[in-house]
Amino acid sequence: MVNTIEVQGIFKEFVIHHERHQSLKERLLHPGSGTSEKFRALENISFSIAAGETVGILGHNGSGKSTLLKTICGVLAPTTGEIKLRGTLAALLELGAGFQPELSGRENVYLYGAMLGLKRKEVAAIFDEIVDFSEIGKFIDTQVKFYSSGMYVRLAFAVAVNVDPDILVVDEVLAVGDERFRAKCMDRIIRFQREGRTILLVTHDADQVRRLCSRTIVLNRGELVFDGPTTEGLKVFREHLHASEDSTTNSANENIEITSVTTPSGTFDVRSGEGMHFDVAISSAKAYAGHFVMELHSRRGELISRSDAMTSPVQLKPGSNVVGIDIAALPLLDGVYDLNVGIVDEIGQNVLAWSEKAATIEVAYDGREQGIIEIAPSITQL
Ligand SMILES: Nc1ncnc2c1ncn2[C@@H]1O[C@H](COP(=O)(O)OP(=O)(O)OP(=O)(O)O)[C@@H](O)[C@H]1O
Ligand SMILES: [Mg+2]
C-alpha cells in the first residue's frame with residue numbers, strides 16, 4: 001500500500017529565552033544577559049500512514065501533539081528529520097493558526113485556497129458551498145478577528161473539507177462549536193473516511209478516537225510511546241500515562257490499581273432487562289477518597305453510557321479493596337458490550353486508575369426491537 005505520510009526521525013527543539021533584566025533600558029545596559037535553554041518538544045518520532053487510514057493521536061497537554069501536526073503541515077520546520085507527503089493536505093490547526101485576523105472571512109478563504117495550491121477560479125467555484133457549510137452568512141465579509149471561536153472553527157472546517165484534500169489533518173478543534181455543528185463535522189469526517197481519504201486526528205477525547213480511528217499513536221512528553229490498534233492505544237493512554245503524569249501534580253495518585261473485575265457466576269453473560277452484579281478489586285498504596293466510574297461501549301466504539309462519578313464516592317484504604325457494583329436492569333439489546341471501569345479524583349477530573357475493556361458483557365435478548373437499547377413503547381389507539 002502507498003504511504004501518504006512518512007515521518008522519519010523528527011526532532012523539534014524550541015529555544016526558550018529567559019530575560020533577567022526586564023526593562024528595555026536594562027536590556028540595553030546588559031546586552032545578552034538573558035539566558036536561553038533548549039526545550040525538546042518532539043523526540044525521534046517516526047511512523048508512516050497509508051492512504052485511507054484514519055489515525056488518532058492521543059497525549060496529554062504539552063505532549064507534543066500540535067507541534068507534530070504543525071511539522072507535518074509544514075507550518076513548523078523540524079529541527080532534524082524528514083517528512084514526506086503524497087497528495088494534497090488540508091489542515092485544521094489550533095485556533096489562531098491559519099487565518100489572518102485582519103482579513104475578512106472571504107479574503108481568508110481565498111488565501112487559504114491559494115496556500116493549498118488552488119487557483120482563484122477554483123476557490124470561486126466552491127466558495128458558496130464553503131459559506132453554506134460554515135453557516136457564517138453575512139459575516140463572511142467581517143474581519144476574522146471579530147469572529148467568535150465557534151465561527152472561526154466553522155469557517156476553517158468548511159474550507160478544509162471543501163477543498164477536496166487527499167489528507168485531512170484536524171487538531172482538537174472539533175471540541176469547539178455547538179453540539180449540532182459538531183455532529184455535522186463528524187458526519188463529514190466519516191464521509192471522508194468512506195471516500196478513502198487519509199485522516200490524522202489529534203484529540204484528548206478518547207471517545208472520538210474510539211469511534212473514528214482503528215489505529216492510534218500515543219505521545220508522552222514528546223516521545224512516541226505507542227503506535228498500534230486503538231483499543232491498546234487507549235489502554236496505554238489511560239492506564240499508564242495518567243498514573244505517571246498526574247503523580248507529579250497530585251501525589252495521591254500514586255499506586256491505585258484496578259486488579260480484577262469479577263461476577264459471582266464467573267461470566268458476564270446476561271439476559272436483556274435483567275440486573276447484574278460485579279465486584280471490582282482495587283489495590284491502593286494509601287487511603288484515598290475517590291469516585292467510581294464505569295462506561296459501556298458498543299463493539300463499534302460508541303459510548304452507550306458513562307456513570308455519574310460525582311455520585312459514586314469510594315473510600316479506598318491502603319491495601320486491597322473491593323467495590324460492589326449493582327445494575328438493577330440492563331436495557332441493552334442482543335450484542336456484545338465492553339465494560340471500562342475506573343477511579344477518578346473527587347472533582348472527577350483526573351483518572352487515578354483505569355481498566356479499559358475490563359470485561360466483555362454479552363447480552364441475550366428474545367424480543368424484536370432492534371438497535372442498542374430496549375425502549376418498549378406502549379401503543380394506545382386514541
Ligand atoms: N513556539 C514554542 N516555543 C516554545 N515552546 C513551545 C512552542 N510551541 C510548543 N512548545 C512547547 O512544546 C511542548 C508541546 O506543545 P504542544 O502544543 O505540541 O502540545 P500538545 O500535545 O498539543 O498540548 P495540548 O494538548 O495542550 O494542545 C509544550 O511543552 C509546549 O510548551
Ligand atoms: Mg495542542
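Values below: every heavy atom of this structure, side chains too, minus hydrogens, waters and symmetry copies. Ligands are counted one by one from 1 in listed order, and the atoms in each one are counted from 1 as well.
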Margin query: Below 3.5 Å, N or O to N or O, backbone or side chain included: is there any such pair between T67 and ligand 1?
Written below: yes
Checklist line | SB check D366 R271 (cutoff 4.0 Å) | finding: yes
Check: Would you call D187 and K184 a salt bridge, taking side-chain N to carboxylate O under 4.0 Å as the test?
Finding: no
Note to self: Does this structure show an ion pair linking R211 with E302, if we count only N-O contacts that are shorter than 4.0 Å?
What the structure shows: no
Item checked: Among L339, T262, N321, I325, the one residue meeting side-chain contact (heavy atoms from CB on, under 4.5 Å) with V280 -> I325
Check: Should we count CD of Q370 as having more than 12 external heavy atoms under 6.0 Å?
Finding: no
Next item on the list: For H60 and ligand 1, answer yes if some heavy atom of the residue is under 4.0 Å from a ligand atom, otherwise no.
Entry: yes
Next item on the list: For the Mg ion (ligand 2), decide whether T67 has an N, O or S atom at a distance under 2.8 Å.
Entry: no
Item checked: Enumerated ligand 1 atoms positioned under 4.0 Å from heavy atoms of S66 -> 17 (O), 18 (O), 20 (P), 22 (O), 27 (O)
Margin query: Less than 4.0 Å is my threshold; does some heavy atom of G64 fall inside it relative to ligand 1?
Written below: yes
Check: If you measure every N/O of G62 against every N/O of ligand 1, is any gap under 3.5 Å?
Finding: yes
